[in-house]
Protein chains: 2
Amino acid sequence: MRADAQRNYDRLLAEARQAFIVHGTDASLEDIARHAGVGIGTLYRHFPDRYALMNAVFEQEVELLTVRADELLTADSPTDALVRWLRMVAVHSTMYRGLAAAIMAAGDAKMTACKAPLRAAGGALLERAQRAGEVRADATIADLLKLTNAIVLVAEKDPERQAIFDRLMDLTLHGLRAPAGVTAQA
Amino acid sequence: MRADAQRNYDRLLAEARQAFIVHGTDASLEDIARHAGVGIGTLYRHFPDRYALMNAVFEQEVELLTVRADELLTADSPTDALVRWLRMVAVHSTMYRGLAAAIMAAGDAKMTACKAPLRAAGGALLERAQRAGEVRADATIADLLKLTNAIVLVAEKDPERQAIFDRLMDLTLHGLRAPAGVTAQA
DNA sequence: AACTATACGGAGGACGCCTCCGGTTCTACA
DNA sequence: TGTAGAACCGGAGGCGTCCTCCGTATAGTT
């Protein structure tokens with residue numbers, strides 16, 4: 001990779017992150033290019049579409065979440081660990097207005113670069129909680145992450161988002177608990 | 001209202017419904033106008049923005065759901081009635097690709113014409129279930145509808161939407177059940 | 001039939017996405 | 001150090017969408 005190409009790539013990435021935070025993930029790509037001091041053509045060469053750009057931006061942040069998941073793997077209560085981690089994921093999604101919507105709108109194919117590591121990390125936490133018999137055996141990590149994102153999405157438009165978020169998360173996570181007799185062994 | 005105005009209004013409404021089903025709720029407004037044999041200006045005069053059009057289209061269908069809710073008010077199991085009704089809401093939302101997303105993206109203000117009657121109808125069902133002590137007292141109908149829409153949204157993009165939808169709905173509704181000792185009186 | 005309030009329609013400005021290719025710049029190699 | 005050419009840049013331009021504005025047409029009334 002030529003030095004100028006690398007430089008432009010980095011600038012675009014930094015500018016995109018900024019734009020996504022300020023204007024949401026549907027920020028104008030032309031604006032991003034302009035602020036990065038680069039032509040629109042350059043942006044599209046490095047990132048064929050908006051999702052490529054988003055994947056690049058969020059890849060780093062996702063890594064942080066996977067680290068947290070690893071740490072939580074040794075926490076006392078497996079279920080608490082899982083729940084706390086899901087809340088972290090939600091907080092992250094909330095930071096970028098529109099991220100949750102974009103992730104879903106993308107169909108399953110587009111944002112895999114971000115999703116796959118998250119699933120791996122969260123899957124371990126879920127499995128542990130299921131093995132402990134505390135969480136329904138038929139829950140999948142994909143479902144849980146989907147639900148979490150959905151709740152973020154629902155809440156983020158509302159003036160009292162925090163309250164709504166907490167209530168919905170509570171409701172959902174309450175449903176996660178294994179009913180008596182339905183454990184991982186069942 | 002002048003006769004020609006009324007005629008155009010009706011045509012636009014019919015065409016919009018068709019377009020929303022075929023292309024999703026982000027169908028092109030110019031297309032809708034064209035198919036209705038009407039200028040784009042006419043569309044905007046009758047419906048100041050996309051949400052006005054959506055409200056008009058869905059108002060009728062919402063009425064059907066409120067009727068169903070009334071019927072279910074006399075069903076045997078209050079909780080079953082509530083759950084069945086929420087599933088109906090979900091089925092309706094699913095019919096129009098993007099409806100769920102639009103309802104949320106609109107903030108709370110825009111789609112009230114559709115939401116208010118739904119809340120009234122569902123609220124009665126929820127209250128009955130809570131009174132019976134079968135459903136958590138801290139659940140609100142607004143939350144439940146939000147959650148339902150969220151699940152529709154999550155599922156609609158996926159190839160196996162039906163399966164995902166069922167699992168998530170199960171998970172959520174399971175969380176609805178009142179834990180021992182936490183009833184409407186608590 | 002004439003009048004007027006009401007409604008029509010589409011041209012046009014603004015904006016966003018994305019492609020394409022002539023021009024520029026870096027770098028490897030002599 | 002000079003240079004050839006691969007790699008890269010940039011933005012003009014085509015397309016689609018939203019929405020506004022205002023000259024024109026028409027329904028309904030007297």
Side-chain angles (χ1 to χ4, degrees), chain A residues 1-57 96-99 101-103 105-107 109-111, chain B residues 1-57 96-99 101-103 105-107 109-111:
Chain A
M1 198 175 195
R2 246 168 64 172
D4 53 348
Q6 179 71 53
R7 197 172 51 238
N8 284 337
Y9 182 96
D10 292 341
R11 278 187 192 163
L12 281 168
L13 212 53
E15 205 56 53
R17 165 170 291 113
Q18 196 56 27
F20 286 168
I21 292 180
V22 176
H23 299 110
T25 51
D26 55 351
S28 160
L29 296 187
E30 310 215 303
D31 268 359
I32 292 177
R34 201 173 312 130
H35 278 103
V38 140
I40 183 66
T42 299
L43 185 151
Y44 276 97
R45 194 167 329 100
H46 285 299
F47 308 98
D49 59 32
R50 164 172 249 107
Y51 294 118
L53 189 51
M54 290 178 59
N55 267 315
V57 167
Y96 296 87
R97 199 163 9 108
L99 208 208
I103 285 179
K110 291 288 190 173
M111 301 278 299
Chain B
M1 197 173 195
R2 243 167 66 173
D4 53 348
Q6 179 71 52
R7 195 172 51 239
N8 284 335
Y9 182 95
D10 292 342
R11 278 188 192 160
L12 281 168
L13 211 53
E15 205 55 53
R17 164 169 292 114
Q18 196 56 27
F20 286 167
I21 291 179
V22 177
H23 298 110
T25 51
D26 54 352
S28 160
L29 297 186
E30 309 216 304
D31 269 359
I32 293 176
R34 200 172 314 129
H35 278 102
V38 140
I40 183 66
T42 300
L43 186 152
Y44 276 97
R45 195 168 328 102
H46 285 299
F47 308 98
D49 59 33
R50 165 172 248 107
Y51 293 118
L53 189 52
M54 290 178 58
N55 267 315
V57 167
Y96 296 88
R97 199 163 10 109
L99 208 209
I103 284 179
K110 291 288 191 172
M111 301 277 299

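Each chain gets a letter, A, B and so on, in the order the sequences are listed, and its residues count up from 1.
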* To do: Identify which one of Arg97(B), Met54(B), Glu15(B) satisfies the side chain to side chain contact (heavy atoms under 4.5 Å, CB included) criterion when paired with Phe20(B).
  => Met54(B)
* Can you tell me how far the CD1 atom of Ile40(B) sits from the CZ atom of Arg45(B), to the nearest 0.5 Å? -> 10.5 Å
Once you round it to whole Å, what is the distance between [atom2] of [N] and [atom1] of [X]?
X: Leu29(B); N: dG10(C); atom1: CG; atom2: C1'; answer: 16 Å
X: Glu30(A); N: dG10(D); atom1: CD; atom2: P; answer: 14 Å
X: Asp10(A); N: dC9(D); atom1: CG; atom2: P; answer: 12 Å
X: Arg34(B); N: dG16(D); atom1: CZ; atom2: C1'; answer: 10 Å
X: Phe47(A); N: dT19(C); atom1: CZ; atom2: P; answer: 16 Å
X: Arg50(B); N: dT20(D); atom1: CZ; atom2: C1'; answer: 17 Å
X: Ile40(A); N: dG16(C); atom1: CD1; atom2: P; answer: 10 Å
X: Asp49(B); N: dC19(D); atom1: CG; atom2: P; answer: 7 Å

* Could you run down nucleotides 20-30 of chain C 5' to 3' and tag each one B, S or - for protein heavy-atom contact under 4.0 Å? -> -----BSS---
Within the structure, does a side-chain N or O atom of [X] lie under 4.0 Å from either OP1 or OP2 of [N]?
X: Thr42(B); N: dG9(C); answer: yes
X: Ser28(A); N: dC15(C); answer: no
X: Asn8(B); N: dA7(C); answer: no
X: His46(A); N: dC9(D); answer: yes

* Asked: Is the shortest distance from a Lys or Arg side-chain nitrogen in Arg7(A) or Asp4(A) to a carboxylate oxygen in the other one below 4.0 Å?
  -> no
* To do: Please evaluate the base of dC8(D) for a donor-acceptor partner in the side chain of Gln6(A) within a cut-off of under 3.5 Å?
  => no
* Asked: Is atom NE2 of His46(B) surrounded by more than 12 heavy atoms (other residues, nucleotides or ligands) closer than 6.0 Å?
  -> yes
* **side-chain contact (heavy atoms from CB on, under 4.5 Å) between Val57(A) and Thr25(A), worked out** => CA-CA 11 Å; Val57(A) 167; Thr25(A) 51; over 6 Å; no
* To do: Please lay out, stage by stage, how Asn55(B) and Phe47(B) fare under the test side-chain contact (heavy atoms from CB on, under 4.5 Å).
  => CA-CA 10 Å; Asn55(B) 267 315; Phe47(B) 308 98; over 6 Å; no
* To do: Apply the test side-chain contact (heavy atoms from CB on, under 4.5 Å) to residues Asp31(B) and His23(B): give CA-CA distance (whole Å), side-chain angles for both, the deciding distance (0.1 Å), then the verdict.
  => CA-CA 11 Å; Asp31(B) 269 359; His23(B) 298 110; 5.5 Å; no
* Out of dG16(C), dC19(D), dT19(C), which nucleotide sits closest to the side chain of Tyr44(B)? -> dC19(D)
